[in-house]
Amino acid sequence: WETVGAVRPLAYDLVFHDALHWIESPEAMQAALRSLHGTLRPGGALVFFFADHREPEPGAGERVRLWDLTHLSRFERVWQHPFENGTVTHEVLRLPVGEAIDERHTFSIDKEGATSEMQEATLRRIYRWDWHAMNEQCRAAGFHGVEGRLFTNDKGLPTTMCLARR
């Protein structure tokens with residue numbers, strides 16, 4: 001994300017980025033936001049999630065992390081789907097790592113008469129990017145008019161969508 005602004009300058013009216021919050025360091029976040037700012041046309045907008053405008057005070061992300069540690073299951077079978085002659089299972093193991101939580105996603109592919117196949121990926125939930133921190137980062141990268149909008153996601157849960165304007 002640090003180079004897209006140089007590769008595609010002023011190319012887009014809207015950038016939808018649903019993985020921005022996986023960036024760990026403030027320096028890397030700033031580099032990504034500056035680059036995304038550069039790829040937007042004047043008046044364009046960056047859309048992202050995870051920062052909740054209803055909790056604007058510093059440190060709100062840490063409260064979310066503590067809630068997640070006590071309320072999310074350490075191990076979860078997310079889904080299991082049958083397909084012709086087998087099943088695919090998605091499971092998650094959550095492990096606290098400093099100020100983050102690592103989620104180890106495992107996909108097991110079981111076919112009749114074949115050796116099981118597994119694919120894994122670890123995603124780190126970063127909690128420092130609360131509303132306060134993202135506002136500071138967005139403004140430092142040249143964005144203005146950062147706002148949050150509440151909507152209900154497909155699971156019926158309230159979710160915040162954020163918009164930062166160039």
Side-chain angles (χ1 to χ4, degrees), residues 1-76 78-79 90-105 121-166:
W1 296 109
E2 294 87 358
T3 61
V4 70
V7 174
R8 302 282 299 159
L10 304 173
Y12 304 106
D13 292 318
L14 178 74
V15 172
F16 180 91
H17 199 308
D18 66 347
L20 199 58
H21 61 289
W22 296 104
I23 296 173
E24 287 194 54
S25 78
E27 298 79 18
M29 178 64 81
Q30 193 55 215
L33 287 172
R34 283 191 178 126
S35 181
L36 290 166
H37 183 273
T39 199
L40 289 168
R41 294 181 185 116
L46 169 65
V47 174
F48 59 95
F49 295 89
F50 64 85
D52 193 337
H53 65 286
R54 298 170 299 167
E55 297 188 45
E57 64 281 350
E62 176 60 11
R63 283 196 310 282
V64 172
R65 185 183 74 84
L66 293 173
W67 188 94
D68 284 356
L69 283 172
T70 57
H71 291 85
L72 295 177
S73 299
R74 183 166 188 236
F75 175 80
E76 175 184 0
V78 180
W79 49 259
H90 176 201
E91 298 172 326
V92 176
L93 175 65
R94 294 181 180 93
L95 302 168
V97 179
E99 297 176 348
I101 296 175
D102 277 358
E103 290 187 338
R104 294 185 182 165
H105 295 258
T122 299
L123 302 174
R124 179 163 285 172
R125 285 182 178 234
I126 308 297
Y127 292 87
R128 80 169 40 104
W129 304 123
D130 56 29
W131 182 254
H132 176 78
M134 282 308 293
N135 266 287
E136 285 184 351
Q137 287 283 327
C138 285
R139 285 191 176 91
F143 288 98
H144 65 86
V146 181
E147 58 187 83
R149 304 230 175 122
L150 191 64
F151 69 97
T152 303
N153 70 13
D154 61 345
K155 294 180 181 177
L157 300 172
T159 304
T160 300
M161 178 183 73
C162 305
L163 189 102
R165 297 205 181 272
R166 177 183 170 133

Q.
Parallel, tilted or perpendicular: which one describes the rings of Phe50 and His21, with boundaries at 30° and 60°?
A.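 Because their plane-to-plane angle lies in the 30° to 60° range, the rings of Phe50 and His21 count as tilted.
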Can you find a heavy atom in the side chain of [X] that is under 4.5 Å from one in the side chain of [Y]?
X      : Y      : value
Ile23  : Ile126 : no
Asp130 : Arg63  : no
His53  : Leu150 : yes
Val4   : Val15  : no
Leu72  : Ile101 : no
Trp131 : Asp52  : no
Arg94  : Asp68  : no
Met161 : Thr159 : no

List the atom of [X], the atom of [Y], and the distance in Å for their closest heavy-atom pair.
X      : Y      : answer
Cys162 : Ala51  : SG-O, 3.0 Å
Arg165 : Ala45  : NH1-CB, 4.0 Å
Arg54  : Pro158 : NH1-CB, 4.2 Å
Ala28  : Ser25  : N-OG, 3.0 Å
Thr160 : Gly148 : CG2-CA, 4.3 Å
Trp1   : Leu36  : CE3-CD2, 3.8 Å

Spatial distance of atom [atom1] ([X]) from atom [atom2] ([Y]) [nearest 0.5 Å]:
X      : Y      : atom1 : atom2 : value
Met134 : Arg139 : CE    : CZ    : 11.5 Å
Asn135 : His144 : CG    : NE2   : 13.0 Å
Cys138 : Arg34  : SG    : CZ    : 12.0 Å
Phe49  : Phe151 : CZ    : CZ    : 4.5 Å
Gln30  : Glu2   : CD    : CD    : 11.5 Å

Q: With side chain to side chain contact (heavy atoms under 4.5 Å, CB included) as the test, would you mind laying out the steps for His105 and Val78 before giving the verdict?
A: CA-CA 9 Å; His105 295 258; Val78 180; 5.6 Å; no
**Q.** ring-ring contact (aromatic ring centres under 6.0 Å, His included) between His37 and Phe143, intermediate numbers included
**A.** CA-CA 7 Å; His37 183 273; Phe143 288 98; 4.9 Å; yes
Q.
Given 3.5 Å as the limit, does a donor-acceptor pair link the side chain of Thr39 with the main chain of Ser35, or not?
A. no
Q: Check whether any side-chain N or O of Arg166 sits under 3.5 Å from a backbone N or O of Leu40 as a donor-acceptor pair, and report yes or no.
A: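 Answer holds: yes.
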Q: Determine, step by step, whether Thr122 and Asp102 satisfy the side-chain hydrogen bond (donor to acceptor under 3.5 Å, both in side chains) criterion, reporting the C-alpha distance in whole Å, the side-chain angles of both residues, the deciding distance to 0.1 Å, and the verdict.
A: CA-CA 6 Å; Thr122 299; Asp102 277 358; 5.9 Å; no
Q: Answer yes or no: does atom CZ of Arg41 have more than 12 heavy-atom neighbours from other residues, nucleotides or ligands under 6.0 Å?
A: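 It does: Arg41 CZ has more than 12 such atoms within range.
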Q) Is the CD atom of Glu99 crowded by more than 12 outside heavy atoms at less than 6.0 Å? A)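 For Glu99, atom CD is not crowded (no more than 12 foreign heavy atoms under 6.0 Å).
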Q. Can Val146 and Gln137 be said to form a side chain to side chain contact (heavy atoms under 4.5 Å, CB included), step by step?
A. CA-CA 11 Å; Val146 181; Gln137 287 283 327; over 6 Å; no
Q: Only counting residues at least two apart or in another chain, list the ones meeting salt bridge (charged side-chain N to carboxylate O under 4.0 Å, His left out) with Glu27.
A: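 Residues passing salt bridge (charged side-chain N to carboxylate O under 4.0 Å, His left out) with Glu27: none at all.
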Q: State whether Arg125 and Glu103 are salt-bridged, where the test is any N-O pair (Lys NZ or Arg NE/NH1/NH2 against Asp/Glu carboxylate O) under 4.0 Å.
A: yes
(Q) Let's go through Leu93 and Arg74 carefully: what are the C-alpha distance in whole Å and the side-chain angles of both, what is the deciding distance for side chain to side chain contact (heavy atoms under 4.5 Å, CB included) to 0.1 Å, and is it a yes or a no? (A) CA-CA 6 Å; Leu93 175 65; Arg74 183 166 188 236; 4.0 Å; yes
Q: Could you please spell out the steps behind the side chain to side chain contact (heavy atoms under 4.5 Å, CB included) verdict for Trp129 and Trp22?
A: CA-CA 9 Å; Trp129 304 123; Trp22 296 104; over 6 Å; no
